[in-house]
Amino acid sequence: MVRKPCVYKNLVIAMLIAGIHIIDLSEMTGIEYKALCKRLNGDAKLSIDEAISIYEALDVSVPMHKLFARSDA
């Protein structure tokens with residue numbers, strides 16, 4: 001199975017800096033792991049509420065619009 005990369009490069013960087021894995025982010029936000037994977041690799045749309053939940057869970061100083069700037073666009 002080929003894993004697709006996350007389309008939110010800045011989000012991945014923020015997660016790496018914070019030492020947070022996607023499974024941790026799933027638990028922190030309450031977004032089901034498989035659903036979160038689909039949203040972050042671009043196979044499903046990320047809702048505003050989910051983006052806010054992720055942003056708050058990461059507690060970063062990066063502006064939200066930069067954190068969720070798609071790198072595949």
Side-chain angles (χ1 to χ4, degrees):
M1 179 173 150
V2 177
R3 295 182 72 183
K4 291 175 71 175
C6 181
V7 297
Y8 305 102
K9 181 176 72 173
N10 295 332
L11 176 61
V12 171
I13 293 168
M15 288 171 64
L16 287 171
I17 290 170
I20 295 174
H21 188 271
I22 192 165
I23 192 101
D24 303 320
L25 190 59
S26 171
E27 292 171 1
M28 294 166 73
T29 60
I31 303 169
E32 182 185 331
Y33 175 77
K34 286 183 180 183
L36 184 58
C37 289
K38 286 182 179 183
R39 283 159 176 73
L40 298 185
N41 71 23
D43 285 341
K45 294 212 181 245
L46 183 66
S47 75
I48 296 292
D49 290 338
E50 291 167 334
I52 290 169
S53 181
I54 292 167
Y55 186 75
E56 290 175 347
L58 289 177
D59 192 28
V60 295
S61 61
V62 177
M64 192 171 188
H65 71 279
K66 288 190 179 186
L67 189 69
F68 291 101
R70 289 181 64 114
S71 54
D72 67 340

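- Within the 4.5 Å cutoff, no side-chain heavy atoms of Val60 are placed close to those of Ile17.
- Annotation: side chain of Met15 is not in contact with side chain of His21 (no heavy-atom distance under 4.5 Å).
- Contact detail for Glu32 and Ser26: the closest heavy-atom pair is C-OG, 3.6 Å.
- Atoms NZ and CG, from Lys66 and Leu11 in turn, are 15.5 Å apart once rounded to the nearest 0.5 Å.
- With a 4.5 Å cut-off on side-chain heavy atoms, Tyr8 and Leu67 do not count as touching.
- In the hydrophobic clustering of ILVMFWY residues, with side-chain heavy atoms under 4.5 Å counting as a link, Ile13 and Leu46 come out apart.
- With sequence neighbours excluded, the residues that form a side-chain contact (heavy atoms from CB on, under 4.5 Å) with Ile20 are Ala18, Asp24, Leu25, Met28, Leu58.
- Asp43 is linked by a side chain to side chain donor-acceptor pair (under 3.5 Å) to Lys4, counting only residues two or more places apart in sequence or in another chain.
- The line from CD of Glu50 to CD1 of Ile52 is 10.5 Å long, rounded to the nearest 0.5 Å.
- Linking ILVMFWY residues whenever their side-chain heavy atoms come closer than 4.5 Å, directly or via other members, leaves Val12 and Ile31 in distinct clusters.
- Of all non-hydrogen atoms in Ile23 and Tyr33, the two that sit nearest each other are CD1-CD1, 3.7 Å.
- Linking ILVMFWY side-chain heavy atoms closer than 4.5 Å, directly or via other members, places Ile48 and Val62 in a single hydrophobic cluster.
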Point to revise | Stepwise side chain to side chain contact (heavy atoms under 4.5 Å, CB included) check, Asn41 with Cys6 | key: CA-CA 4 Å; Asn41 71 23; Cys6 181; 5.9 Å; no
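- Residues passing the side chain to side chain donor-acceptor pair (under 3.5 Å) test with Ser53, sequence neighbours excluded: none.
- Between atom CG of residue Leu40 and atom CZ of residue Phe68 there is a gap of 8.0 Å, rounded to the nearest 0.5 Å.
- The minimum heavy-atom distance between Ser71 and Lys9, with the atom names listed, is OG-N, 3.8 Å.
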